[in-house]
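What follows is a single structure, written as structure tokens, with notes after it.
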Amino acid sequence: MTRYLKTAFAAAAALLAASCISNDIPYPVVELRIANVEGEGFSVSENNVTSRVVTLTLDEATDIRNVKIDAVTYDAVVHSIELNKAELLDQVRSSQELTGTFNLLSPIYTTLSLYQDYDWTIRAVQTIERRFSVTGQIGATEIDTENRIVRVYVPDDTDLGHIEIEELKLGPAEITTYSPSLEELSGSSFESVRFVDVTCHGVTERWMLYVETTNVKVALPGSRPVAEYGYGHGAHLRRRVRFGRRAGIPHQGRHGVAADAGERLRRRHPDGDDRPRMENGNQSNGLTVYKLVPKKGLFAGHTYEFRLLVGGNEQGAPLEYTAPAGNTIPNGDMEDASMSCWTQNNKTAEFWGSGNNTFTKGLCTQAPFAGGMRAKLQATSAVGVLASGNLFTGLFQKDLITRGVVSFGQTYAWKARPRALKVQYFAEHIGPVDIDKKFGAPIGMGDQDRARIMVAIVDWNARREVGSGTEPPTGTWDPQEAASTEQGKIIAYGSLFIDESSTGDRMIDTELELHFYDREAKPSGLYQLVISCSTSAYGDFMTGCKSNVLYIDNFEWAY
């Protein structure tokens with residue numbers, strides 16, 4: 001009987017094991033992406049693989065109600081298994097047809113399917129340059145596109161019964177008609193609101209035009225008149241606005257302004273230039289970089305004094321202008337205890353991430369030091385390889401037992417050019433290299449290790465993935481060595497190497513000066529921000545000191 005029971009139990013166990021093997025084999029994880037969208041009258045301005053949103057920027061003349069998409073291509077990221085990508089892409093299915101003509105006043109929503117489902121959105125944005133100006137206008141034109149209202153100001157002694165129109169453009173150039181026309185409006189009365197029917201692509205919108213009087217005589221173009229200011233007949237602002245020191249703000253010189261902080265202060269003359277002043281910086285590996293010139297131009301959050309000169313004589317009292325504040329860096333003070341970077345869940349980090357995982361849980365923790373809560377980066381080793389302490393803007397996941405992947409970059413509403421990144425650090429220990437897998441790092445066993453803090457403003461179509469572990473790293477990049485990656489261009493970068501342990505017991509204030517590769521890219525919400533901090537600069541190459549400790553805190557821009 002006992003023998004019979006043993007045999008029965010063995011058979012049941014074998015059946016159970018066979019059942020487990022049959023039912024527990026998972027599908028491979030294949031992340032499906034929209035790689036590109038091709039068509040007429042638009043370009044792809046952003047492809048956010050995190051939110052799975054593709055943004056099409058339409059040409060001004062494109063009819064947003066009839067956008068022609070000719071082709072949509074896919075990409076796939078295969079996790080944890082070897083598969084033929086080309087064969088996989090042939091099997092991708094979309095829940096709706098993505099080629100044809102679409103009304104993109106509403107986004108296209110689709111689900112890409114293979115082994116798993118991924119929801120994607122294709123949306124459109126369109127900027128139409130609108131202008132309206134009159135003779136004798138004070139300040140900039142106010143245009144409310146949502147309510148279709150245009151408003152300008154003129155001196156209070158202006159005859160509203162006879163207003164000369166200099167420019168009227170409320171729709172795409174060359175394909176928009178107006179009723180009444182510019183010629184019919186010019187010289188007519190604006191004592192009350194004037195209605196204009198604007199027709200394009202067969203659609204007519206009614207706009208309201210207001211010309212209002214003000215006792216302001218000089219205003220900052222780009223905003224409503226801000227203060228009463230009189231000047232004699234024939235006076236103008238052409239290269240005659242003089243800036244000076246006010247409340248500790250540096251003198252700005254007599255050569256006009258180059259504003260760049262949000263709502264900009266600009267001169268109203270034909271040869272005005274509203275770009276920030278830049279000069280050649282250091283040459284980096286044969287690449288030309290530029291840096292902002294101090295005391296030339298407007299900087300976010302600073303207050304400036306200006307005076308009007310007529311015939312070399314100052315007229316009236318000085319006025320002040322405070323440039324709008326610049327950007328902040330989310331959770332830059334490291335005080336939020338709920339951030340993903342302190343945990344092992346960094347696959348969907350909102351902004352700050354780290355390489356914490358089940359093998360190395362303490363690479364980035366929130367810890368007290370020198371009277372405040374800081375990010376503590378602690379290096380260690382696991383299964384014979386180096387694990388550098390790290391903190392970065394991006395995502396992290398393990399795709400193999402001994403390999404991790406960092407996806408660098410977070411979308412960022414960049415709106416003013418900073419001159420530097422300010423940060424505090426304290427290097428509790430930076431020792432000599434005691435782990436070196438010889439994967440190509442420029443330092444080796446016994447050399448002094450170096451920690452690194454790096455920042456980059458980038459124009460990428462996807463995050464940059466860097467993988468490292470027991471094999472040579474993949475995807476490594478350095479903004480100091482190249483002005484672009486496969487994902488797109490690098491607009492600006494700053495870098496700091498720390499090659500020795502700090503002394504004392506206080507955080508050290510430092511600034512990473514920004515070097516610009518691209519002087520033309522204007523601040524907007526279409527770019528991404530990369531900040532990366534590591535206890536070993538070459539940790540991706542598995543080279544460094546396994547006992548390094550670095551405290552980091554208080555990230556903010558310097559303008």
Side-chain angles (χ1 to χ4, degrees), residues 29-59 62-79 89 92-128 327 330 340 346-353 393-397 405-415 456-465 485-489 491 521-530:
V29 177
V30 180
E31 182 181 351
L32 302 179
R33 300 175 176 178
I34 292 178
N36 194 27
V37 179
E38 300 175 7
E40 299 177 2
F42 66 82
S43 60
V44 176
S45 56
E46 183 179 16
N47 189 335
N48 192 318
V49 297
T50 302
S51 60
R52 302 191 186 112
V53 175
V54 177
T55 301
L56 310 181
T57 295
L58 307 187
D59 299 343
T62 299
D63 183 0
I64 193 171
R65 299 168 182 82
N66 293 281
V67 179
K68 189 173 185 297
I69 296 178
D70 295 326
V72 176
T73 55
Y74 306 122
D75 191 13
V77 179
V78 183
H79 299 284
L89 294 179
V92 175
R93 296 293 178 265
S94 171
S95 62
Q96 76 162 74
E97 180 61 48
L98 296 180
T99 58
T101 301
F102 299 86
N103 182 347
L104 287 183
L105 286 173
S106 298
I108 301 171
Y109 300 101
T110 189
T111 300
L112 304 184
S113 302
L114 186 55
Y115 298 109
Q116 297 85 28
D117 293 338
Y118 295 90
D119 294 329
W120 275 81
T121 300
I122 300 175
R123 70 184 188 101
V125 296
Q126 185 176 43
T127 299
I128 297 175
N327 300 72
S340 297
N346 286 280
K347 290 183 179 180
T348 58
E350 291 186 1
F351 194 76
W352 293 104
T393 58
L395 312 178
F396 173 81
Q397 65 178 352
V405 177
V406 176
S407 300
F408 284 105
Q410 293 285 27
T411 300
Y412 189 65
W414 182 46
K415 62 183 181 181
I457 299 169
V458 299
D459 184 8
W460 286 351
N461 57 28
R463 292 188 173 99
R464 174 74 176 187
E465 293 188 351
T485 69
E486 296 173 2
Q487 290 70 35
K489 64 183 178 181
I491 296 172
K522 294 185 180 298
S524 73
L526 298 177
Y527 300 105
Q528 299 82 40
L529 177 64
V530 177

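- Tyr118 approaches Val30 most closely through the heavy-atom pair CE1-O, 3.1 Å.
- Using a 4.5 Å cut-off on side-chain heavy atoms (C-beta onward), Ile69 and Leu98 make no contact.
- The minimum heavy-atom distance linking Thr411 with Glu46 is given by the pair OG1-OE2, 3.7 Å.
- Val72 places none of its side-chain heavy atoms less than 4.5 Å from the side chain of Thr110.
- Other residues, nucleotides and ligands contribute only 12 or fewer heavy atoms inside 6.0 Å of the CD atom of Glu486.
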Legend entry - Evaluation steps, side-chain contact (heavy atoms from CB on, under 4.5 Å), between Leu104 and Phe42: CA-CA 12 Å; Leu104 287 183; Phe42 66 82; over 6 Å; no
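- Of the inter-residue distances, the one linking Thr73 atom OG1 with Glu38 atom CD reads 6.0 Å to the nearest 0.5 angstrom.
- In this structure, Tyr527 has no side-chain hydrogen bond (donor to acceptor under 3.5 Å, both in side chains) partners at least two apart in sequence or on a different chain.
- Shown here for Tyr74 and Ser94, the closest heavy-atom pair between the two residues is OH-CB, 3.6 Å.
- The CG atom of Asn103 sits 9.5 Å away from atom CD1 of Ile108, with the distance rounded to the nearest 0.5 Å.
- Contact of the Val530 side chain with the Arg464 side chain is not registered, since no non-hydrogen atoms from C-beta on lie closer than 4.5 Å.
- Looking at Phe102 and Ile122, their side chains never come closer than 4.5 Å, going by heavy atoms from C-beta outward.
- Side-chain contact between Leu529 and Gln410 is absent, with no heavy atoms from C-beta onward closer than 4.5 Å.
- Of the inter-residue distances, the one linking Ile34 atom CD1 with Asp75 atom CG reads 11.5 Å to the nearest 0.5 angstrom.
- Annotation for Gln397: atom CD counts as buried by contact number, over 12 foreign heavy atoms lying within 6.0 Å.
- Taking NZ from Lys347 and CG from Leu395, the interatomic distance works out to 11.0 Å, rounded to the nearest 0.5 Å.
- Summarising the geometry, atom CG belonging to Asp119 is positioned 11.0 Å from atom CG belonging to Leu32; distances are rounded to the nearest 0.5 Å.
- The shortest heavy-atom contact between Ala349 and Gly394 is CB-O, 3.6 Å.
- Side-chain contact check for Val44 versus Leu56: some heavy-atom pair is nearer than 4.5 Å.
- Listed by chain and number, the residues in a ring pair (Phe, Tyr, Trp, His ring centres under 6.0 Å) with Tyr109 amount to none (sequence neighbours excluded).
- Minimum heavy-atom separation, Ala521 to Trp414: O-CH2, 3.7 Å.
- Residues that satisfy the side-chain hydrogen bond (donor to acceptor under 3.5 Å, both in side chains) test with Arg65, not counting sequence neighbours, are absent from this structure.
- Side-chain N or O atoms of Glu465 include none that pairs as donor or acceptor with a backbone N or O of Val405 at under 3.5 Å.
- With values rounded to the nearest 0.5 angstrom, Tyr412 atom OH is found 10.5 Å from Thr393 atom OG1.
- Inter-residue side-chain proximity for Val49 and Asn47 is flagged as met; some heavy-atom pair is nearer than 4.5 Å.
- Between Lys415 and Asn327, the closest heavy-atom pair is N-OD1, 3.1 Å.
- Side-chain atoms of Gln528 and Phe408, non-hydrogen and from C-beta on, never get closer than 4.5 Å to each other.
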